Each structure stands twice: as C-alpha cells, then as structure tokens.
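Bear in mind that the values here come from a model prediction, so they are computed numbers and not experimental data.
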Amino acid sequence: MRSYYIAGNWKMHKTVSESVALAKELKAQLAGCKEKLLVAPAFTSLAAVAEVLKGSNIVLGAQNMGPEEQGAHTGEVSVLMLKDIGVRAVILGHSERRHSYLEGDTLINKKVLLALKHGIEPILCVGETLEEREAGKLESVIGTQVKEGLKGVDAAALKAVTIAYEPVWAIGTGKTATPEDADAVHAYIRKVLAGLYGEVASKAMCIQYGGSVKPDNAAQLMAKPNIDGALVGGAALKAESFAPIALFR
Ligand code: 13P
C-alpha cells in the first residue's frame with residue numbers, strides 16, 4: 001500500500017514546555033499510525049522534544065539550518081548540531097524563508113547538499129506567489145525552484161529528499177488549492193523530476209502538499225494520485241487537528 005508522509009511545521013510557535021506537551025499528546029494519539037510522521041518544532045524545543053519522541057514513530061525535524069558545517073556564522077544553527085540532538089530531517093526553502101529572509105535557490109541548494117552529506121533528510125519546499133500564478137509563471141517558477149534546489153543531488157541521494165509543494169497564496173490563508181489544482185502542479189513537479197532523474201525515480205518521489213491543510217480537506221487532497229503527504233502549519237499546532245490529518249484513512 002502507498003504510504004503517506006505527514007509533517008507538522010510548528011513555525012515560530014511554542015515554548016519548550018508547550019512543545020513537550022504537544023509532542024507527548026501526538027506520541028500517544030499517533031502510536032498506531034501507519035504513515036510516516038514528522039514534527040518540526042522551533043530550534044529551542046528540539047532537544048526536549050527529541051527526548052519525548054525517543055522510541056516513537058514520529059521523526060524529529062528542524063525548520064531550517066545554516067549552509068555551513070560550523071564557523072563564524074552568528075545566529076545560525078549547524079547540521080552537526082541538529083544531528084547531535086537527534087534531528088533526522090530538515091525543512092529547507094520554505095516560502096517564509098524565501099520571502100521574509102530572501103533565501104535564494106543557490107543558498108537553499110547548498111543547504112540541501114549539506115543535509116544529505118550528513119544523512120539528514122531534506123524537505124525541499126517550492127511554491128509560487130499569487131502574482132506569479134496569475135502572470136502564467138507557475139511552471140517556470142516551480143521548475144526553477146526544483147531544478148536549482150536539487151542541483152548536484154545524484155540519483156542515489158534523491159531517495160532521501162522530499163519535495164513539498166506549498167503555493168504561497170494558500171499558506172495560513174485558509175485558501176487551499178483545490179485537490180485538482182494541487183495534483184496538477186504535483187504532476188508537473190514529477191515531470192520535471194523525470195527529466196532530471198528518469199521516470200522510475202520520479203514516480204518513487206514523495207511530494208507533499210502544504211497550504212491550509214485541515215482535518216476536513218486532508219483526505220480529498222491525499223486521494224489524488226500525485227499527492228503523497230502533507231506539510232501542515234496551523235493545524236499542526238494542536239493534537240486535535242494534527243492527529244486526524246495523520247489518521248485521515
Ligand atoms: P498552513 O497549514 O498554516 O497554511 O501552513 C502551511 C505551511 O507553511 C507548512 O509549512
């Protein structure tokens with residue numbers, strides 16, 4: 001059976017104690033869940049949440065990382081530090097990083113390669129703004145983000161990569177892409193991947209959808225052939241909304 005990858009991006013929310021409490025609830029409520037599960041708390045909560053998640057079926061992820069292994073990089077957190085405390089995946093190129101912190105494809109690609117080098121699974125986020133979509137640039141924007149983000153990633157390493165399609169206009173707005181619209185973009189991403197890595201690798205790739213995923217739309221989205229999971233923001237902040245998404249079937 002096809003397995004789905006359901007990830008919760010907690011963004012800049014929750015103190016350590018709030019994060020620990022949510023992780024404990026999720027660990028209990030999702031113990032029997034068959035999907036691949038991930039939570040990505042803020043950096044300050046990672047170590048404490050790692051303790052809670054030990055022995056559970058929930059993978060610990062970070063929301064970002066620095067582009068270098070170590071050194072004089074004030075304010076950055078390194079892949080080595082993340083690995084040291086049990087982080088196994090990292091969200092990279094989130095649109096909030098691209099737009100608020102001006103992260104470009106070259107920097108994001110550097111982080112993708114660094115994560116892979118250290119055995120941390122990247123979730124590479126791509127997505128267009130409303131202006132880009134309305135100007136007919138959807139495919140060129142997404143195509144560039146996928147190709148540039150994966151530059152230098154070889155076919156063997158690709159297996160560790162997940163792509164998350166997050167249309168910027170659907171994030172935190174309550175406006176979900178229709179399952180049909182989202183599936184069409186996922187199909188396009190698969191076409192780009194097929195061009196880079198071949199049909200077989202492209203079919204095997206996990207492509208998550210993100211943008212106002214809620215318990216009441218998760219099943220319709222994931223029923224689509226090209227949608228392999230969800231990257232959840234707002235609804236990931238409470239067990240009562242994240243658990244039903246993870247348990248959508
Ligand atoms: P929302 O689910 O709040 O729209 O956020 C999506 C997101 O950005 C996940 O990374």
Nearest heavy atoms of [X] and [Y], plus distance in Å:
X	Y	result
Pro179	Leu221	CA-CD2, 3.9 Å
Ala246	Leu37	CB-CD2, 3.7 Å
Leu114	Gly66	CD2-O, 3.7 Å
Leu22	Ala236	CD2-O, 3.6 Å
Met65	Ala115	CE-N, 3.6 Å
Tyr209	Gly211	OH-O, 3.0 Å

Check whether more than 12 heavy atoms from other residues, nucleotides or ligands sit under 6.0 Å from atom [atom1] of [X], and answer yes or no.
X	atom1	result
Lys191	NZ	no
Lys24	NZ	no
Gln70	CD	no
Arg88	CZ	no

Practice problem: Inspect the contact between Lys137 and Glu128 and indicate whether a charged nitrogen and a carboxylate oxygen are less than 4.0 angstrom apart. | Solution: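 So Glu128 does not pair with Lys137 through a salt bridge.
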Quiz prompt | Ionic contact status for Lys36 with Asp228, cut-off 4.0 Å | solution =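 No, this pair does not count.
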Quiz item: So, the side chain of Asn9 versus the backbone of Val232: is there a donor-acceptor pair under 3.5 Å, distance only?
Solution: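 No.
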Practice problem: Using atom types as modelled and distance alone, determine if a side-chain donor or acceptor of Arg190 lies under 3.5 Å from a backbone N or O of Asn226. | Solution: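 Yes, Arg190 side chain to Asn226 backbone: donor-acceptor pair under 3.5 Å.
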Quiz prompt | Steps toward salt bridge (charged side-chain N to carboxylate O under 4.0 Å, His left out) verdict (Lys224, Asp181) | solution = CA-CA 10 Å; Lys224 291 291 169 193; Asp181 278 350; over 6 Å; no
Exercise. Starting from Trp169, walk the hydrophobic network (Ile, Leu, Val, Met, Phe, Trp, Tyr; side-chain heavy atoms closer than 4.5 Å) and list everyone else you reach, by chain and number.
Key: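 Members other than Trp169 - counting any ILVMFWY side chain reachable under 4.5 Å - are Leu130.
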Exercise. List, by chain and then residue number, the residues other than Ile91 in its hydrophobic cluster (Ile/Leu/Val/Met/Phe/Trp/Tyr, side-chain heavy atoms under 4.5 Å); write none if there are no others.
Key: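 Its cluster mates, by chain and number, are Tyr5, Leu38, Val59, Ile123, Leu231.
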Side chain to side chain, [X] and [Y], heavy atoms closer than 4.5 Å:
X	Y	value
Val112	Lys117	no
Leu150	Leu158	yes
Phe242	Leu30	yes
Cys125	Gln145	no
Asp105	Lys147	no
Ile207	Thr162	no
Val87	Met81	no
Ile227	Tyr4	no

Would [X] and [Y] show up in the same hydrophobic cluster when neighbours are defined by side-chain heavy atoms closer than 4.5 Å?
X	Y	answer
Leu107	Val77	no
Ile171	Val141	no
Ile245	Ile58	yes
Leu116	Tyr197	yes
Ile163	Leu113	yes

Between [atom1] on residue [X] and [atom2] on residue [Y], distance to nearest 0.5 Å:
X	Y	atom1	atom2	answer
Asp183	Gln220	CG	CD	13.5 Å
Leu124	Gln208	CG	CD	11.0 Å
Glu18	Leu237	CD	CG	10.0 Å
Ser78	Lys83	OG	NZ	10.5 Å
Trp10	Ser19	CH2	OG	5.0 Å
Asn64	Leu82	CG	CG	9.0 Å

Self-check item: salt bridge (charged side-chain N to carboxylate O under 4.0 Å, His left out) assessment of Glu35 paired with Arg249
Solution: CA-CA 10 Å; Glu35 318 304 344; Arg249 60 170 175 171; 2.7 Å; yes
Quiz item: Using a distance-only test with no angle check, is there a side-chain donor-acceptor pair under 3.5 angstrom linking Glu132 and Thr129?
Solution: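 Yes, Thr129 and Glu132 have a side-chain donor paired with an acceptor closer than 3.5 Å.
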Quiz item: Does a side chain donor of either Ser212 or Thr176 reach within less than 3.5 Å of an acceptor in the other side chain?
Solution: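 Ser212 vs Thr176: no donor-acceptor pair found between side chains.
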Self-check item: side chain to side chain donor-acceptor pair (under 3.5 Å) partner of Glu103, the single match among Arg98, His94, Lys111
Solution: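 Going through Arg98, His94, Lys111 one by one, the side chain to side chain donor-acceptor pair (under 3.5 Å) with Glu103 is satisfied by Lys111 alone.
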Quiz prompt | Intermediate values then yes/no, side-chain contact (heavy atoms from CB on, under 4.5 Å), Lys159 and Met205 | solution = CA-CA 7 Å; Lys159 293 188 181 76; Met205 194 80 190; over 6 Å; no
Practice problem: Check the pair Glu76 / Glu68 against side-chain contact (heavy atoms from CB on, under 4.5 Å), numbers first and verdict last. | Solution: CA-CA 9 Å; Glu76 290 292 335; Glu68 309 289 342; over 6 Å; no
Practice problem: For Thr44 and Thr15, run side-chain contact (heavy atoms from CB on, under 4.5 Å): C-alpha distance rounded to whole Å, both residues' side-chain angles, the deciding distance at 0.1 Å, then the answer. | Solution: CA-CA 8 Å; Thr44 49; Thr15 60; over 6 Å; no
Quiz item: Run the side-chain contact (heavy atoms from CB on, under 4.5 Å) check on Phe248 and Met222 step by step: do they pass?
Solution: CA-CA 9 Å; Phe248 74 100; Met222 279 175 290; 3.8 Å; yes
